Amino acid sequence: MAFDIARTRAAYPALAEGFVHFDGAGGTQTAAGVIDAVTDAMRTALGNRSAAFVPGRRSLDMVAAARSAVADLLGADPAGVVLGPSATALTYTLARTLGAGWRPGDEVVVSRLDHDANVRPWVQAAEAAGATVRWAEFDRTTGELPVGQYADLVGERTRVVAVTGGSNAIGTVPDVPAIAKVAHAVGALVYVDGVHAVPHGPTDLASLGADVLVTSAYKWSGPHLAAMVAADPARLAALRPAKLIPSPDAVPDRFEYGTPSFALLAGVAAAVDHLAGLDPDAVGDRRARLRAGLTAAQAHEAALLDRLLAGLAERPAITVYGSPARRCPTISFRVAGMSPLATQEALGAAGFCLSSGDYYAYEYFQTMGLRDSGGAVRASIYHYNTADEVDRLLTELDAVAAGGERMAR
Ligand SMILES: Cc1ncc(COP(=O)(O)O)c(C=O)c1O
């Protein structure tokens with residue numbers, strides 16, 4: 001179906017303010033259904049979880065509904081869905097838990113393409129255990145993460161291979177199934193950072209080969225919460241995270257700390273329902289409608305990315321980093337003669353919202369030698385963006401670049 005952009009945009013109240021949002025990678029605007037669900041939950045009598053009274057049962061139901069929604073989004077079992085405040089916090093929980101069982105000589109493999117949230121927790125857990133860290137390198141020109149290197153990086157002592165499902169800096173979508181195959185051949189756990197990839201197309205844990213995948217709802221129209229999802233809940237049952245004595249020992253609750261934000265969890269379920277409604281003609285269960293809606297959104301985003309890249313290629317003052325064959329609609333660039341921060345500020349003054357710096361893709365920018373001089377500017381496209389917004393960004397960049405040239409003279 002043709003993606004109905006007017007209908008899609010109408011579902012985001014904040015777009016009425018008129019800013020041009022090219023920073024979905026830093027967090028999307030919130031869908032109306034999410035706002036309503038959170039508001040309704042806060043207006044309703046809620047109690048701490050208990051089957052004994054109605055408000056307590058509502059909280060139990062909100063947790064269950066969020067788990068089942070995230071499971072539908074990823075093709076998972078709700079029993080494997082750990083809910084938490086952020087992808088970073090959840091990854092630290094798992095890394096510390098697994099790391100407690102590592103010995104000197106054990107190994108973990110991380111990549112320099114990843115957001116630091118899928119690097120440092122593993123590096124620090126390895127350091128604490130005396131385990132060895134092995135680094136997967138990206139190609140500096142294309143931004144690809146070559147799969148061939150994993151045959152050398154992975155061995156009998158590899159415990160975890162942590163890799164991104166999509167780079168939040170330059171959009172690269174690595175061949176995770178092929179990497180997972182190498183890791184699984186030695187029994188290593190494959191941990192996929194799906195924070196940037198999941199908003200931009202249908203995700204299926206099994207075909208990805210992910211044993212555990214983490215995703216953050218605020219990158220797909222929802223509230224600031226995250227989920228860490230195990231393909232096989234038995235994997236979680238075999239682990240003993242640090243926890244309070246009286247808190248639930250069942251899986252997945254065992255990995256969750258404190259009292260959850262029940263109202264925001266209602267928003268997580270509503271965000272998944274929103275994604276499942278992106279294609280109004282889609283039929284079938286929620287998983288089928290998610291696939292249809294996200295496939296339609298993906299095609300819309302890909303067309304906008306092509307338009308943006310074509311426009312940037314015509315502008316010699318602009319350097320775009322990387323040209324991966326498979327990518328999320330996310331790019332990093334610099335304008336000649338201007339710091340990324342100055343470019344971001346000039347665009348911001350004109351109502352365009354973009355990130356600048358390293359956006360925590362620390363290793364990528366270090367390796368590229370760009371970090372100390374300010375990183376880059378990031379344009380990331382989400383399904384509510386339009387061709388007109390892309391054109392306006394290109395026009396604005398011309399004005400910004402002309403200002404940069406004047407300053408350089
Ligand atoms: C690829 C990627 N991974 C991890 C994170 C961290 O997510 P959270 O803010 O939920 O900890 C981000 C946030 O920008 C990200 O883009």
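Keep in mind it's a predicted model, so treat the numbers as computed, not measured. Order of listing sets the numbers, starting from 1, for every ligand and every atom in it.
Under the 4.0 Å criterion applied to side-chain N and carboxylate O atoms, Asp253 and Arg67 are assigned as salt-bridge partners.
For the atom pair CG (Leu15) and CD (Glu389), the distance works out to 7.5 Å, reported to the nearest 0.5 Å.
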Worksheet entry | side-chain hydrogen bond (donor to acceptor under 3.5 Å, both in side chains) evaluation trace for Ser221 with Tyr12 | CA-CA 9 Å; Ser221 316; Tyr12 290 89; 2.6 Å; yes

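Taking the six-membered ring for Trp and the full ring otherwise, Tyr382 and Phe22 have centroids separated by 6.0 Å or more. For Tyr359 and His196, the gap between ring centers reaches or exceeds 6.0 Å. Centroid-to-centroid, the aromatic rings of Tyr364 and Phe138 come within less than 6.0 Å.
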Less than 3.5 Å apart, N/O on ligand 1 and N/O on the protein: could you list those pairs with the distances?
unit_1	atom_1	unit_2	atom_2	d
ligand 1	3 (N)	Asp193	OD1	3.3
ligand 1	3 (N)	Asp193	OD2	2.6
ligand 1	9 (O)	Tyr218	OH	2.5
ligand 1	10 (O)	Ala87	N	2.8
ligand 1	10 (O)	Ser216	OG	2.7
ligand 1	11 (O)	Ala87	N	3.3
ligand 1	11 (O)	Thr88	N	2.8
ligand 1	11 (O)	Thr88	OG1	2.5
ligand 1	14 (O)	Lys219	NZ	2.6

